[in-house]
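One structure is given here, and the rest of the page talks about it.
For reference, positions follow the sequence shown, starting with 1.
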Amino acid sequence: MNAYIYPNSKWKGIENPYLENFVSSFKGEIDFVNFKNISRTGLLDIFRYIFRINLIFFNWIEDVPSKKGGMLQWYIFKNVIYPVLRFRKVKIIWVLHNNVSHYETHKEIKQEIFNSFFKYSDLILTHAEDGIQIINQKLGAENLKAVYYPHPFNNRKRYINKEKDIDILIWGSVSRYKGIHIFLDQVQQNEYLQNLNIKICGKVMEKSYEALLYEKLPENVHFENRFVSDDELDEYLSRSKITLFIYASDSVLSSGALSDSVGYGNVIIGPSKGAFKDLSKQHFVLLFQNAEEIPQLCKSVINNYSEAELKSMPQNKFLRDHTWNDFSKFFIKLISN
């Protein structure tokens, strides 16, 4: 079975871990014919493979207008590529990661793309139960397109015996929609937070936002403005008491960083939305309703922190049962039926 996966490009040479894991999980079952050939033409790259594929997977398709030549790409896709895909009966699978683009530019055309893919797709996969509600609102509860599977977990070793010397860890690529500037303001205003060891690690994606973060950076917050390796990340997660996600935007449904943070004997604090709500049911995440609750929630966790209690949390079976390998088996069975 041959498939195409979108996008197939790199940001400043950095591979997208979700796409890497996704493609690798189907090894021996699906041949992603384009994945070894990095695209420089966005959606137009589909032309190179359009007569060789049975399936096509779209990720973050709503962000096309923000890319170079994005408006033209969408016009050609809508009027030329999509009709050919339909003529060839190529199955279209849309992975619904967000309920709208994270970024504010080109709102109207992004909404058009978002709405179009509810119609264009044969299956819509989401890693958050909220995603199912969005699909049902668009297509009706009786639709047969909606598919939910929790964001798969990497099966690498999770160390939980390190000394917990990082009170609060924030990690992942740093963008404005993640709301880190909001937390830095809280640290500046909260005496308790000012006495904690706080680490932020991740590359800032926007120069103006980078300047804003450095302007707000308190003395007790150590900011590593770079991409960290998996080994470094394992080390930081194992040493942290709290892993914090602010995610100020309402656009978020699922988060790869969230699934990668589970299982290190730390407490994960996140917003009451999307996959964070889902994993709170598994006792992985403590939720806040609004950002103003974060300082008090962090204080409560640290003052009552018990590593022994965290190690006994019923998380191992859920981690074992929802790996990338489990996901690919689930999906192959689904499309076979």
Side-chain angles (χ1 to χ4, degrees), residues 3-11 14-26 32 35 42-43 55-67 70 74 92-107 110-118 120-139 145-154 172-179 202 205 245-262 270-271 273-279 285 322 324 327-328 330-331:
Y4 186 99
I5 191 163
Y6 175 89
N8 185 34
S9 57
K10 296 182 180 180
W11 183 85
I14 303 299
E15 296 173 345
N16 184 310
Y18 180 88
L19 299 179
E20 289 284 325
N21 289 324
F22 191 98
V23 169
S24 297
S25 71
F26 287 102
F32 288 88
F35 198 62
L43 287 172
L55 303 170
I56 187 164
F57 293 85
F58 287 98
N59 298 270
W60 305 290
I61 188 66
E62 66 275 10
D63 288 332
V64 166
S66 296
K67 299 182 179 181
W74 170 240
I92 296 175
I93 297 99
W94 178 26
V95 186
L96 182 63
H97 295 279
N98 306 308
N99 58 23
V100 70
S101 174
H102 294 316
Y103 309 105
E104 294 294 315
T105 56
H106 308 296
K107 278 188 173 181
K110 286 179 177 179
Q111 193 62 52
E112 177 191 327
I113 293 172
F114 196 75
N115 291 337
S116 295
F117 263 77
F118 287 102
Y120 290 172
S121 304
D122 295 289
L123 287 176
I124 306 173
L125 170 67
T126 178
H127 297 307
E129 291 182 8
D130 280 355
I132 295 293
Q133 294 181 24
I134 292 169
I135 299 167
N136 289 347
Q137 287 171 3
K138 292 286 186 178
L139 301 177
K145 294 184 178 184
V147 179
Y148 167 69
Y149 192 92
H151 194 296
F153 298 96
N154 284 309
S173 61
V174 180
S175 296
R176 193 177 296 268
Y177 76 88
K178 293 187 177 181
M205 314 298 280
F245 297 91
I246 300 101
Y247 281 34
S249 169
D250 289 331
S251 59
V252 175
L253 282 178
S254 57
S255 166
L258 169 60
S259 67
D260 282 346
S261 298
V262 172
K273 61 183 73 168
F276 293 93
K277 284 198 303 185
D278 299 342
L279 290 189
V285 180
H322 294 90
W324 279 101
F327 164 70
S328 63
F330 163 85
F331 199 81

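His127 and Tyr149 make their closest contact through ND1-O, 2.7 Å (heavy atoms, listed as atom of the first residue, atom of the second, distance). Across all non-hydrogen atoms, the minimal contact from Pro271 to Phe276 is O-CB, 3.1 Å. Scanning both residues, Ala128 and Leu253, for their nearest heavy atoms gives CB-O, 3.4 Å.
Partner of Trp94 under the ring pair (Phe, Tyr, Trp, His ring centres under 6.0 Å) criterion, chosen from Phe114, Phe58, Tyr6: Phe114. Leu96 pairs in a side chain to side chain contact (heavy atoms under 4.5 Å, CB included) with only one of the listed residues (Ile135, Asn59, Leu125), which is Ile135.
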Between Glu62 and Phe117, is the side-chain contact (heavy atoms from CB on, under 4.5 Å) condition met? List the steps.
CA-CA 9 Å; Glu62 66 275 10; Phe117 263 77; over 6 Å; no
Step by step, would you call Tyr18 with Ser254 a side-chain contact (heavy atoms from CB on, under 4.5 Å)? CA-CA 11 Å; Tyr18 180 88; Ser254 57; over 6 Å; no
Self-check item: Audit row: Leu43, Ile61, side-chain contact (heavy atoms from CB on, under 4.5 Å) steps and yes/no
Solution: CA-CA 9 Å; Leu43 287 172; Ile61 188 66; 3.8 Å; yes
Step-by-step side-chain contact (heavy atoms from CB on, under 4.5 Å) determination, Phe26 to Trp324:
CA-CA 9 Å; Phe26 287 102; Trp324 279 101; over 6 Å; no
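In summary, the side chains of Ser259 and His151 do present a donor paired with an acceptor at a separation below 3.5 Å, with no hydrogens or angles considered.
In this structure, the side chain of Lys178 engages the main chain of Ser173 through a donor-acceptor pair within 3.5 Å. Put simply, the side chain of Lys277 never gets that close to the backbone of Asp130: no donor and acceptor are under 3.5 Å apart. Formation of a donor-acceptor pair under 3.5 Å by the Lys145 side chain with backbone atoms of Ser121 is found in this model.
The structure places CG of Leu55 at 10.5 Å from CD1 of Ile92, a figure rounded to the nearest 0.5 Å. Rounding to the nearest 0.5 Å gives a distance of 9.0 Å between CG of Asp63 and CD1 of Ile113.
In this structure, the side chains of Ile134 and Thr126 stay at 4.5 Å or more apart for every pair of heavy atoms. With contacts defined as side-chain heavy-atom distances shorter than 4.5 Å, the pair Phe245/Val285 does not qualify. The shortest distance between side-chain heavy atoms of Trp60 and Pro7 falls below 4.5 Å. At a threshold of 4.5 Å between non-hydrogen side-chain atoms, the residues Phe330 and Pro152 do not count as touching.
The salt bridge (Lys or Arg N to Asp or Glu O under 4.0 Å) contacts involving residues 251-262 comprise nothing, where partners must be two or more places apart or lie in separate chains.
The aromatic rings of Phe22 and Phe327 sit tilted relative to each other, their planes meeting at an angle between 30° and 60°. Ring pair Phe57/Phe32 is tilted by interplanar angle, where 30° to 60° counts as tilted.
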